[in-house]
There are 2 protein chains.
Amino acid sequence: MRFHSPAIQYFHAVRRTGSIRAAARLLNVASSAVSRQILKLEQEVGSPLFERNARGLTLTTVGEMLARHVMNVLQDLDRFRSDVASLSGTWHGTVSIACIESLTESVLPDLIASHRGRARRVSFTTEVKGSSDVLEALSRGEADIGIAMALRHPPDLRQVALKRFRLGAVVAGDHPLARGKTVTLTQCLAFPVIHALPELSIYHLLQPLIAQLSETPEPAIQANSIDLMRELAARGVGVAFQTQLGIGRLSRDSRLVFLPLDNAGSPVWSDLGIYVRAERTLPAYTESFLQELVRELGERERRENAAYPQVAR
Amino acid sequence: MRFHSPAIQYFHAVRRTGSIRAAARLLNVASSAVSRQILKLEQEVGSPLFERNARGLTLTTVGEMLARHVMNVLQDLDRFRSDVASLSGTWHGTVSIACIESLTESVLPDLIASHRGRARRVSFTTEVKGSSDVLEALSRGEADIGIAMALRHPPDLRQVALKRFRLGAVVAGDHPLARGKTVTLTQCLAFPVIHALPELSIYHLLQPLIAQLSETPEPAIQANSIDLMRELAARGVGVAFQTQLGIGRLSRDSRLVFLPLDNAGSPVWSDLGIYVRAERTLPAYTESFLQELVRELGERERRENAAYPQVAR
DNA sequence: TATAGCTGTTGCCGAAACGGCATCAACATG
DNA sequence: CATGTTGATGCCGTTTCGGCAACAGCTATA
């Protein structure tokens with residue numbers, strides 16, 4: 001089912017690989033064929049699409065415009081294919097997800113497992129990145145669904161849902177703080193703290209609050225892995241900060257305790273956004289999974305708010 | 001700039017004309033070429049796209065799916081072209097509008113004239129239809145912007161804006177009713193009435209109300225042209241019904257008087273919707289005109305509500 | 001500084017795709 | 001039944017495409 005000019009797919013491959021020869025290898029054709037199609041495209045558009053650097057090709061402004069068009073075409077072709085397939089009863093394809101680390105502990109594995117149980121023919125590709133990288137991957141068409149901290153998102157993305165979860169302190173079960181129900185930042189800073197590095201968005205949530213306190217904190221550990229921070233907290237090394245999303249299983253063992261953070265009487269929220277490319281209609285199987293994802297995150301948000309009642313948003 | 005497989009454009013032409021030979025004439029190619037491209041497409045999709053009737057071709061279900069994809073591709077190609085053009089300072093293209101008759105008296109001509117004054121290179125195509133035909137033309141990709149009574153719209157359309165205007169009676173300046181400020185349906189039915197035929201949406205707005213009154217109305221005139229109805233009212237033939245949008249110039253001559261309709265103490269609203277295809281990004285020049293259109297209709301809605309104050313929606 | 005390895009481009013040539021012409025059978029209309 | 005129109009097909013010249021090999025330009029390494 002390849003009724004689009006080869007030039008389209010060649011251009012797409014060159015854009016992704018940044019090189020004509022690499023694209024040719026990817027497409028199993030001669031590099032000369034790819035080169036010629038690109039030259040022909042540039043001639044028809046009337047403007048160069050790539051800047052030829054000595055070490056590969058970079059998109060020009062016009063090239064980026066064409067890339068956007070080509071992405072729209074290829075993604076919509078994908079949707080068309082899935083529509084035709086689902087008409088004849090077949091229901092298969094690959095859902096590609098880019099998300100931040102908080103989801104990997106329980107939300108995503110639970111969802112994917114349950115979805116695969118019902119729709120065996122749907123495959124998944126997931127890539128864990130930082131929040132801004134998630135949005136970028138989405139923009140570049142390298143993922144279908146993105147889950148990231150709800151920062152300002154570029155206009156070519158659409159925020160499908162926005163769920164907020166309470167940021168809290170995570171400590172071992174025998175930690176002194178574990179006796180309380182909630183905890184303030186000042187209380188935490190009395191103990192060794194496991195800080196997030198700036199590449200994690202938790203850093204940007206907490207740093208302004210810590211700066212306000214202007215206390216000299218205890219010598220602390222810094223890390224860029226939520227997983228690592230959690231495991232450190234479980235070993236009693238110190239107090240880590242994150243949402244409850246990431247500590248589902250461990251807290252069930254009561255090795256870890258989650259204590260909602262209290263900042264001058266009000267909770268500290270961590271906003272999670274679900275994103276898709278705006279100029280796009282998702283294939284049916286992707287849309288279906290997206291609905292489940294939104295529902296599940298909404299459910300967790302609801303459950304958590306019930307567990308730690310507080311003034312609502 | 002034709003970097004899409006000829007099959008795409010041939011298919012599009014065949015879908016629009018409903019005939020291979022007609023499409024061939026339209027494209028200035030031999031009919032055999034068109035026929036073969038369609039056959040090739042069907043072979044690659046793995047399913048027939050058209051039903052061959054003796055007198056032309058009709059889309060199958062799969063064919064309609066492909067039509068949707070092809071429309072997305074071609075419309076997005078248009079947008080890409082306009083993006084490239086606007087990059088080099090050129091700003092031209094054609095805005096295609098489908099709308100109901102109410103707009104033709106002043107809203108649309110005013111807007112188009114003023115827009116053309118500023119952007120000389122933008123052309124316009126406008127087609128006046130019934131409300132449901134407007135939506136259908138939009139769905140089929142025969143227009144970029146649709147203005148129609150806000151009925152339930154198909155999911156492939158997006159309602160950009162919803163403006164409501166008061167339905168009123170339109171009578172000549174020397175009509176007995178013209179002395180009042182507003183008017184009830186019962187008052188109107190005491191005089192000869194110019195009724196809208198069912199093909200006009202005014203019919204569907206008024207019919208339920210008239211049915212409630214269950215009075216035997218005066219022998220009336222029926223028409224399917226808002227223009228004609230207005231001119232009849234201006235000649236004192238009877239009472240016509242429409243929104244104030246359509247009587248701008250004539251009422252300035254005080255040949256016509258607009259009297260907001262009062263139904264059991266509350267106004268009768270006529271909802272006007274502005275629509276575009278959902279799966280689509282508009283070219284810059286079309287988007288620009290769309291913004292002006294929404295702004296202008298919002299302005300008229302505001303002015304009118306100020307002129308005839310009433311409980312807001 | 002010479003060499004090896006990479007890049008994109010180009011000339012040449014066979015293969016595949018495309019389009020035009022004439023023709024066919026099927027069907028509708030008069 | 002005759003006529004006109006429909007889409008499909010065989011034949012053939014033209015165009016396009018892709019593979020091979022060679023080229024110039026550049027970088028990194030020895």
Side-chain angles (χ1 to χ4, degrees), chain A residues 1-64 66-67 70 73-74 77, chain B residues 1-64 66-67 70 73-74 77:
Chain A
M1 202 188 293
R2 29 180 275 264
F3 33 65
H4 284 294
S5 159
I8 297 292
Q9 313 188 8
Y10 289 9
F11 173 84
H12 188 233
V14 171
R15 181 193 70 90
R16 282 190 302 168
T17 59
S19 148
I20 287 190
R21 286 189 119 99
R25 284 191 293 270
L26 192 71
L27 296 162
N28 287 318
V29 291
S31 67
S32 60
V34 178
S35 175
R36 266 190 268 264
Q37 291 291 345
I38 299 296
L39 290 172
K40 193 185 135 224
L41 265 184
E42 291 181 322
Q43 187 185 339
E44 288 189 356
V45 174
S47 154
L49 299 171
F50 292 98
E51 277 170 12
R52 270 74 168 179
N53 308 320
R55 201 137 202 83
L57 288 77
T58 323
L59 284 173
T60 63
T61 308
V62 178
E64 281 180 8
L66 182 59
V70 167
V73 169
L74 293 182
L77 176 63
Chain B
M1 203 186 292
R2 30 179 277 263
F3 33 66
H4 285 294
S5 157
I8 297 292
Q9 312 187 10
Y10 288 9
F11 172 85
H12 188 233
V14 171
R15 181 193 69 91
R16 282 190 302 168
T17 59
S19 148
I20 287 189
R21 287 186 116 99
R25 284 191 294 271
L26 191 70
L27 297 162
N28 287 319
V29 291
S31 68
S32 59
V34 178
S35 174
R36 264 189 271 262
Q37 291 290 345
I38 299 296
L39 289 172
K40 192 184 134 224
L41 266 184
E42 291 181 321
Q43 187 186 339
E44 287 188 356
V45 174
S47 154
L49 299 170
F50 293 97
E51 278 170 12
R52 271 72 169 178
N53 308 320
R55 199 134 204 87
L57 287 78
T58 322
L59 284 173
T60 62
T61 308
V62 178
E64 282 180 7
L66 183 58
V70 167
V73 169
L74 293 182
L77 176 62

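Each chain gets a letter, A, B and so on, in the order the sequences are listed, and its residues count up from 1.
When side chains are defined from C-beta on, A:R15 does not count as touching A:V70, because their heavy atoms never get closer than 4.5 Å. Side-chain contact between B:S5 and A:H4 is absent, with no heavy atoms from C-beta onward closer than 4.5 Å. With a 4.5 Å cut-off on side-chain heavy atoms, A:V29 and A:Y10 count as touching.
Per the geometry, CD belonging to B:E42 stands 11 Å off P belonging to D:dT9, to the nearest Å. Rounding to whole angstrom units, CD1 of residue A:I20 and P of D:dG19 are separated by 14 Å. Atom CG of A:L27 and atom C1' of D:dC17 are 14 Å apart (whole Å). Counting to the nearest Å, the P atom of C:dT10 and the CD atom of A:Q43 are 11 Å from each other. Straight-line distance from the CZ atom of A:F50 to the P atom of C:dT9: 10 Å, rounded to whole Å. One atom, CG of A:N53, and another, C1' of C:dC6, lie 14 Å apart when rounded to the nearest Å. To the nearest angstrom, C1' of D:dG7 lies 13 Å from CZ of B:R25.
Atom CD of B:Q43 sits in a sparse spot, with 12 or fewer heavy atoms from other residues, nucleotides or ligands closer than 6.0 Å.
In terms of modelled atom types and a separation under 3.5 Å, the side chain of A:S35 and the main chain of A:S31 share no donor-acceptor contact.
The side chain of A:S19 lies closest to C:dG8 when the candidates are D:dA8, C:dG8, D:dT6. For A:L57, whose side chain is taken as the heavy atoms from C-beta onward, the closest listed nucleotide among C:dT10, C:dT7, D:dG7 is C:dT7.
Taking A:H12 as the reference, nothing meets the ring-ring contact (aromatic ring centres under 6.0 Å, His included) condition, with sequence neighbours excluded.
Here the closest heavy-atom approach between residue B:S19 and residue B:L57 is recorded as CA-CD1, 4.2 Å. When all heavy atoms of A:L49 and A:F11 are compared, the closest pair comes out as CD1-CE1, 4.0 Å. The two atoms that bring A:P48 and A:T60 nearest to each other are O-OG1, 2.9 Å, heavy atoms only.
Overall, the helix from C:dT1-D:dA30 to C:dG30-D:dC1 carries an axis bend of 30° between its ends, with five pairs at each end and the value rounded to 10°.
Regarding contacts with the backbone of D:dG7, every side-chain N or O of B:S35 stays at 4.0 angstrom or more from both OP1 and OP2.
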Original post:
What does nucleotides 18-30 of chain C look like as a protein-contact string, B for base, S for sugar-phosphate only, - for none, at under 4.0 angstrom between heavy atoms?
Top reply: SSBB-----SS--

